[in-house]
Structure formats: C-alpha cells, structure tokens
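Since the structure is predicted, the reported quantities are computational estimates derived from the model, not experimental observations.
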Amino acid sequence: MGKIITFDKTQQSKLYIMDFPNIFTKEISNQVIGRINNLTPETKGQWGTMNVGQMLAHCSVAYELHYDNKHPKPNAFTKFMIKLFAKKIVTGPAPYKRNSRTAPMFVMKEDKDFEKEKKRLVDYIQKTQELGEAHFDGKENLSFGKLTKNEWNNLFYKHLDHHLNQFGV
C-alpha cells in the first residue's frame, strides 16, 4: 500500500521507506484491534493531552466522516483549503508528527466512555475491512474529494497507528 518515509535523526540525509500495512486486510485489521484491546481505561498517553477514551473517540472521527452524516460538509472554499494544506499530510506517506494541530471536529474536550468508544472504533475497523479496498477506491471523502484505495489506507492506518503508539500499544 502506501509508503512511510522517515529520516534517520543522526544522518538527516538518509531516507528510509517502508510500506504501510493494509488496513483493509483481515490480518492487519485484527492486529490493530488487538492493539486496541491492549488498552485499559487507565492507559496513559506518552504525549499530548487526550486521555485514552478521548483518543478512541478522536480516531473514530475519520470513520464517522465516511459512514455517518454527523459532520457538516465543508463549503467549497474550505474544502479547497483543506485539500491544499491537509490532504498530503493526512493521506500521504509521511508519518504524523507528535502534537500536530488537528481539525476542530477531531478535538475531544469532554471525557468519553472508554468501553463505548473502544467498541465503536473496533466496529468501524471491522466494517471497513469487510467492505474492502475496492469499496473505497475512488470514493469521495468529505474533506479531500475522491481518494484512491492507497490514500484511504494511509488515512485510516496511519492515524490509528499514530495514536496507538501514543498510548504505548
């Protein structure tokens, strides 16, 4: 699927490239769900301000934008700006930086029910895997327009991996 590009901190001229795992496969989806199942309500983040319940709810927003009609569609100007400045970050090959800014709909200010949010996220991951990459290839994203299956994979997997690493699983 997509490529992760990372730089060796000691030798910034070296470039390391590796594939993102394919979130649309049962094997990778199950691995991600296994990592989620290793979380507890007491799991602490290694950076950032979210607690574990908020992080699970935050990760579900990427799926809500595709499956649920609960977020407003951006107007043409906003969509243009999002595509111009955020699409490459979200769907591209580079990993997320710690403590990066996020869109307002992803900000979780109030506490969330850990078990409810965990089940909801796992259900989204399973539904996405069952629909498969062919379902997503060329599908419209609310903010970014039509995405390839590769871009959808990057959007889903990279975000989950970033936050599961944040919480040490």
Side-chain angles (χ1 to χ4, degrees), residues 1-6 16-41 43 45-46 48 50-71 73-74 82-83 86-98 100 102-103 105-108 112-169:
M1 295 262 34
K3 303 280 184 197
I4 295 179
I5 300 171
T6 57
Y16 296 90
I17 300 174
M18 56 191 232
D19 286 330
F20 276 120
N22 186 345
I23 193 72
F24 297 113
T25 67
K26 191 163 189 66
E27 176 188 6
I28 299 303
S29 290
N30 286 343
Q31 286 176 8
V32 170
I33 291 167
R35 291 169 69 188
I36 292 168
N37 286 333
N38 285 329
L39 295 167
T40 70
T43 305
Q46 298 173 9
M50 289 187 289
N51 66 37
V52 67
Q54 290 169 322
M55 178 274 288
L56 294 168
H58 168 91
C59 287
S60 288
V61 173
Y63 295 93
E64 290 170 359
L65 289 167
H66 182 70
Y67 293 119
D68 305 328
N69 194 18
K70 68 186 283 184
H71 298 284
K73 187 174 183 174
I82 291 170
K83 284 173 78 173
K87 182 178 178 181
K88 185 175 179 182
I89 294 167
V90 174
T91 65
Y96 293 129
K97 295 176 183 171
R98 292 181 179 188
S100 297
T102 190
M105 69 188 80
F106 285 84
V107 174
M108 300 295 145
K112 300 291 184 178
D113 179 292
F114 172 81
E115 291 300 333
K116 177 182 168 192
E117 296 302 334
K118 180 175 143 183
K119 180 182 180 337
R120 198 163 70 95
L121 181 56
V122 166
D123 288 349
Y124 280 133
I125 294 167
Q126 288 174 328
K127 180 177 183 176
T128 300
Q129 185 276 312
E130 289 167 6
L131 288 170
E133 62 187 20
H135 169 81
F136 286 88
D137 199 23
K139 283 277 194 224
E140 184 85 13
N141 176 277
L142 192 65
S143 299
F144 303 127
K146 287 186 180 182
L147 299 178
T148 66
K149 63 185 177 186
N150 213 29
E151 290 171 319
W152 279 107
N153 182 68
N154 292 358
L155 181 150
F156 290 136
Y157 184 86
K158 179 167 68 167
H159 190 233
L160 289 168
D161 186 60
H162 173 78
H163 288 294
L164 294 173
N165 285 330
Q166 176 186 11
F167 282 80
V169 295

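Across all non-hydrogen atoms, the minimal contact from Gly145 to Glu140 is CA-OE2, 3.4 Å. Nearest approach of Asn154 to Pro93, heavy atoms of both residues: ND2-N, 4.3 Å. The two atoms that bring Gly92 and Phe20 nearest to each other are O-CE1, 4.1 Å, heavy atoms only. Of all non-hydrogen atoms in Asp113 and Glu115, the two that sit nearest each other are OD1-N, 3.2 Å. When all heavy atoms of Thr40 and Val52 are compared, the pair lying nearest together is O-CG1, 3.4 Å.
Asp123 has a carboxylate O that lies under 4.0 Å from a charged side-chain N of Lys119, or vice versa, which qualifies the two as a salt bridge.
Asp161 and Asn165 share a side-chain donor-acceptor pair at under 3.5 Å.
Residues Tyr96 and Val90 have side chains in contact (heavy-atom distance under 4.5 Å, counting atoms from C-beta outward). Residues Thr128 and Trp152 form no side-chain contact, since every pair of their non-hydrogen atoms from C-beta on lies 4.5 Å or further apart. By the 4.5 Å heavy-atom criterion applied to side chains, Phe114 and Asn51 are not counted as neighbours.
Atom CD of Glu133 sits about 12.5 Å away from atom CZ of Phe156, to the nearest 0.5 Å. We find the CD-CD distance between Gln166 and Gln46 to be 8.5 Å, quoted to the nearest 0.5 Å. For the atom pair CG (Leu142) and CG (Asp68), the distance works out to 11.5 Å, reported to the nearest 0.5 Å. Atoms CZ and CG, from Phe24 and Asn150 in turn, are 9.0 Å apart once rounded to the nearest 0.5 Å. For the atom pair CG of Leu164 and CG of Asn38, the computed distance is 9.5 Å after rounding to the nearest 0.5 Å. Atom CD1 of residue Ile33 and atom CD1 of residue Ile125 lie 5.5 Å apart, to the nearest 0.5 angstrom.
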Q: Decide side-chain contact (heavy atoms from CB on, under 4.5 Å) for Met55 and Leu39; before the verdict, give the C-alpha distance in whole Å, the side-chain angles of both, and the deciding distance to 0.1 Å.
A: CA-CA 11 Å; Met55 178 274 288; Leu39 295 167; 3.7 Å; yes

Q: Could you give me the CA-CA distance, side-chain angles and deciding distance for His58 and Lys112, then say whether side-chain contact (heavy atoms from CB on, under 4.5 Å) is met?
A: CA-CA 10 Å; His58 168 91; Lys112 300 291 184 178; over 6 Å; no

Q: Show your working on side-chain contact (heavy atoms from CB on, under 4.5 Å) between Phe136 and Leu147 and close with a plain yes or no.
A: CA-CA 8 Å; Phe136 286 88; Leu147 299 178; over 6 Å; no

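Between the Asn153 side chain and the Pro21 main chain, a donor and an acceptor come within less than 3.5 Å of each other. Under the 3.5 Å distance criterion, the side-chain polar atoms of Glu117 are left unmatched by any main-chain donor or acceptor of Gly53. At least one donor-acceptor pair under 3.5 Å links the side chain of Lys158 to the backbone N or O of Ile89. With hydrogens and angles ignored, the 3.5 Å screen pairs no side-chain donor or acceptor of Thr148 with any backbone N or O of Asp137.
Scanning for ring pair (Phe, Tyr, Trp, His ring centres under 6.0 Å) contacts around Phe144 gives an empty result, with sequence neighbours left out.
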Would you be so kind as to tabulate the donor-acceptor pairs closer than 3.5 Å made by side chains of residues 59-66, with sequence neighbours excluded?
residue	atom	partner	partner atom	Å
Ser60	OG	Leu56	O	3.3
Glu64	OE1	His71	NE2	2.6
Glu64	OE2	Arg120	NH1	2.5
Glu64	OE2	Arg120	NH2	3.2

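Using a 30° and 60° split on the angle between ring planes, Tyr67 and Tyr124 fall in the parallel class, below 30°.
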